[in-house]
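Everything numeric in this text was worked out from a predicted model, so none of it was measured. What you see below is based on every heavy atom in this structure, not just the backbone, and it leaves out hydrogens, waters and symmetry mates.
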Amino acid sequence: MALSYHFLLLCSLLFFIIPCSIAKTSFRPKALVLPVYKDPSSLQYITQINQKTPLVPINLTLDVGGQFSWVDCEQGYVSSTYKPVRCGSPRCKLARSGGCITECYSSPKPGCNNNTCGVLPDNPFSRTGTGGELGQDVVSVQSTDGFNPTRVVSVPSLIFTCANTFLLEGLANGVKGIAGLGRTKISLPSQFSAAFSFDRKFAVCLTSSKGVVFFGDGPYVMLPNIDVSKSLSYTPLILNPVSTASSYFEGEPSADYFIGVKSIKINGKVVKLNTTLLSINKLGNGGTKISSVHPYTAMETTIYNAVTKAFVRAFSSVTRVAAVAPFGACFNSTEIVSTRVGPAVPQIDLVLQSQSVYWRIFGTNSMVQVSGDVTCLGFVDGGFEPRTSIVIGGHQIEDNLLQFDLAASRLGFSSSLLFRQTNCANFNFTSKL
């Protein structure tokens, strides 16, 4: 009788244990999703991840071209699952570390461990870089079927960098670091795709309020049931062989995403400019990159002057008014008609690998309303001899879906989703579970 009882008890336990273990190990998401909101004072795009044990929500500023993610570990980073990445380890090599931390004199803690892989976290807003300890910890993120969030999944050993508190200067209030989505093997897109074996793709869809980042392939469905991944055109991603970060080890390529803009048209007419500036030279200068860090598109001075002059000429029917910094060309907005894609202004085309492939910028992305009756061309002067000739900034990519295909090294871009009667705020974050 006792034997039968124990046998039945064992069977009952197995019945409950085995399905649970299968559920934990067999579910592999095809994509993950993070919400994003725009901080109105800093104009930074903020996301939130859950990290540490026990899990704690951490606000991070989104950097599409960031080498990796970093978090302030100096102010109370406490986690029972944190581990430093040791010098010479496979994970250290994956990070392309150029140094080893051997002189940390306090008691061991996150951010201060000897024989630890050293990397160079940087703040792209203050253009400040420093040394930091590479670490790993638990991170949990919601998965998605493309329509809604689904299960929460965990990455037990996500690689990130522990940074010092001073590196937070210039970041939005409440932010504890940077979420790096750049072209490296330890950025969030690379680590998430490796952890769950899904496609090495991610998509960014930002707005002036809330938006979304998808990790993995589509569908990317916005209300009312529109798969915006079906409206993409494609252009190659170009690798800049020289890092564009504030601090880096010699020989590192850039983690930023560059595209090959060949010319610029306004209302179909080519703008005359020095096209050699549109290519990346042997020093890594020039070219066009995409940035979530710059609030507005910045152009090298001669390019900016040529584009502004051509735009003003094409828009001569509207009264030009005094400039409002940081913009150079402003207009009386009461004279401008509104359309589905913003103010009716001259269209700006970034012409890519051929005349038939272009990124069209409509009024909603080209103009910035600075007061009740003044709107300005939302481009800024990037100065003479900047590191990068054209930096496509946040305002110009809002309500555009951008899919970065790391495996195929190409960018998918939609132009304004307002044409499709949706926008990047329309992902349904209401979970079906």
Side-chain angles (χ1 to χ4, degrees), residues 24-25 32 34 46-63 66-123 129-143 152-169 171 174-182 184-196 215 247 249 255:
K24 286 179 180 177
T25 57
L32 308 177
L34 284 176
I46 315 298
T47 190
Q48 187 177 87
I49 63 171
N50 292 300
Q51 189 168 339
K52 311 180 187 180
T53 301
L55 287 169
V56 175
I58 299 176
N59 290 335
L60 301 173
T61 293
L62 204 69
D63 183 0
Q67 306 170 83
F68 43 72
S69 295
W70 61 260
V71 174
D72 171 23
C73 290
E74 199 172 16
Q75 287 186 330
Y77 190 101
V78 178
S79 173
S80 62
T81 46
Y82 175 86
K83 293 180 182 178
V85 174
R86 297 301 180 186
C87 300
S89 67
R91 286 174 172 252
C92 187
K93 293 174 182 176
L94 198 67
R96 299 174 65 100
S97 168
C100 185
I101 297 171
T102 57
E103 296 180 351
C104 191
Y105 297 113
S106 76
S107 57
K109 59 182 180 180
C112 187
N113 292 275
N114 286 324
N115 189 32
T116 302
C117 190
V119 290
L120 300 174
D122 75 317
N123 180 329
T130 186
E133 171 182 287
L134 202 66
Q136 53 192 7
D137 210 341
V138 174
V139 165
S140 74
V141 188
Q142 279 195 299
S143 59
V152 174
V153 294
S154 292
V155 180
S157 300
L158 188 95
I159 302 170
F160 71 105
T161 301
C162 268
N164 296 320
T165 303
F166 80 84
L167 206 59
L168 297 176
E169 185 178 354
L171 298 185
V175 164
K176 296 299 181 184
I178 293 284
L181 309 184
T184 71
K185 293 181 179 179
I186 61 167
S187 67
L188 288 182
S190 294
Q191 290 198 71
F192 286 152
S193 65
F196 299 108
F215 299 92
S247 56
F249 296 113

*Are any of the side-chain heavy atoms of V141 and V155 separated by less than 4.5 Å?*
no
_Could you work out, with side-chain hydrogen bond (donor to acceptor under 3.5 Å, both in side chains) as the rule, every residue matching Q48, not counting sequence neighbours?_
N59
*Taking only residues two or more places apart in sequence or in another chain, which ones pass ring pair (Phe, Tyr, Trp, His ring centres under 6.0 Å) with F196?*
none
*Applying ring pair (Phe, Tyr, Trp, His ring centres under 6.0 Å), name anything that partners F215, two or more places apart in sequence or on another chain.*
F192
*asked:* Checking S89 now: which residues fulfil side-chain contact (heavy atoms from CB on, under 4.5 Å) with it, not counting sequence neighbours?
replied: V85, R91, C92
*SG proximity flag C87/C100, limit 2.5 angstrom*: yes
*Mind checking side-chain contact (heavy atoms from CB on, under 4.5 Å) for L120 and listing every partner two or more places apart, or none if nothing turns up?*
S247, F249
*List for me each residue that meets side-chain hydrogen bond (donor to acceptor under 3.5 Å, both in side chains) alongside D122, sequence neighbours excluded, and say none if there are none.*
S246
*Side chain of Q67, backbone of T184: donor and acceptor closer than 3.5 Å?*
no
*Any pair with a residue in residues 152-168 that passes side-chain hydrogen bond (donor to acceptor under 3.5 Å, both in side chains), sequence neighbours left out, goes on the list, sorted by first then second residue, please.*
D72-T165, E74-T165
*Measure the spacing between CD1 of I101 and CD of E133 and express it to the nearest 0.5 Å.*
5.5 Å
*Where do G180 and S69 come nearest, in terms of heavy atoms and distance?*
N-OG, 3.2 Å
*asked:* Here's a test for you: under side chain to side chain contact (heavy atoms under 4.5 Å, CB included), which of L158, L188, V153, I159 qualifies with V139?
replied: L158
*Taking only residues two or more places apart in sequence or in another chain, which ones pass side-chain contact (heavy atoms from CB on, under 4.5 Å) with K185?*
L94
*Would you say the side chain of L134 lies within less than 4.5 Å of the side chain of F68, judging by non-hydrogen atoms?*
no
Would you mind writing out the side-chain donor-acceptor pairs for residues 49-57 within the sub-3.5 Å range, not counting sequence neighbours?
| from | atom 1 | to | atom 2 | distance (Å) |
| --- | --- | --- | --- | --- |
| Q51 | NE2 | Y77 | OH | 3.0 |
| T53 | OG1 | T81 | OG1 | 2.7 |

*asked:* Could you measure the distance from the NZ atom of K109 to the SG atom of C73? Nearest 0.5 Å is fine.
replied: 10.0 Å
*Can you name the closest pair of heavy atoms from A163 and W70 and give their distance?*
CB-CE3, 3.5 Å
*So do D137 and V71 actually touch side chain to side chain, heavy atoms under 4.5 Å?*
no
_Non-hydrogen side-chain atoms of F166 and N123 separated by less than 4.5 Å_ = no
*Do the non-hydrogen side-chain atoms of R86 and N113 ever get within less than 4.5 Å of each other?*
yes
_Holding to side-chain contact (heavy atoms from CB on, under 4.5 Å), I want the full list of residues that pass it with T61, two or more places apart in sequence or in another chain._
Q44, I46, F125, L171, V175, I178
*Measuring from L34:CG to T47:OG1, what's the distance to the nearest 0.5 Å?*
4.0 Å
*Do you know the tightest heavy-atom contact between S187 and G182?*
OG-O, 2.8 Å
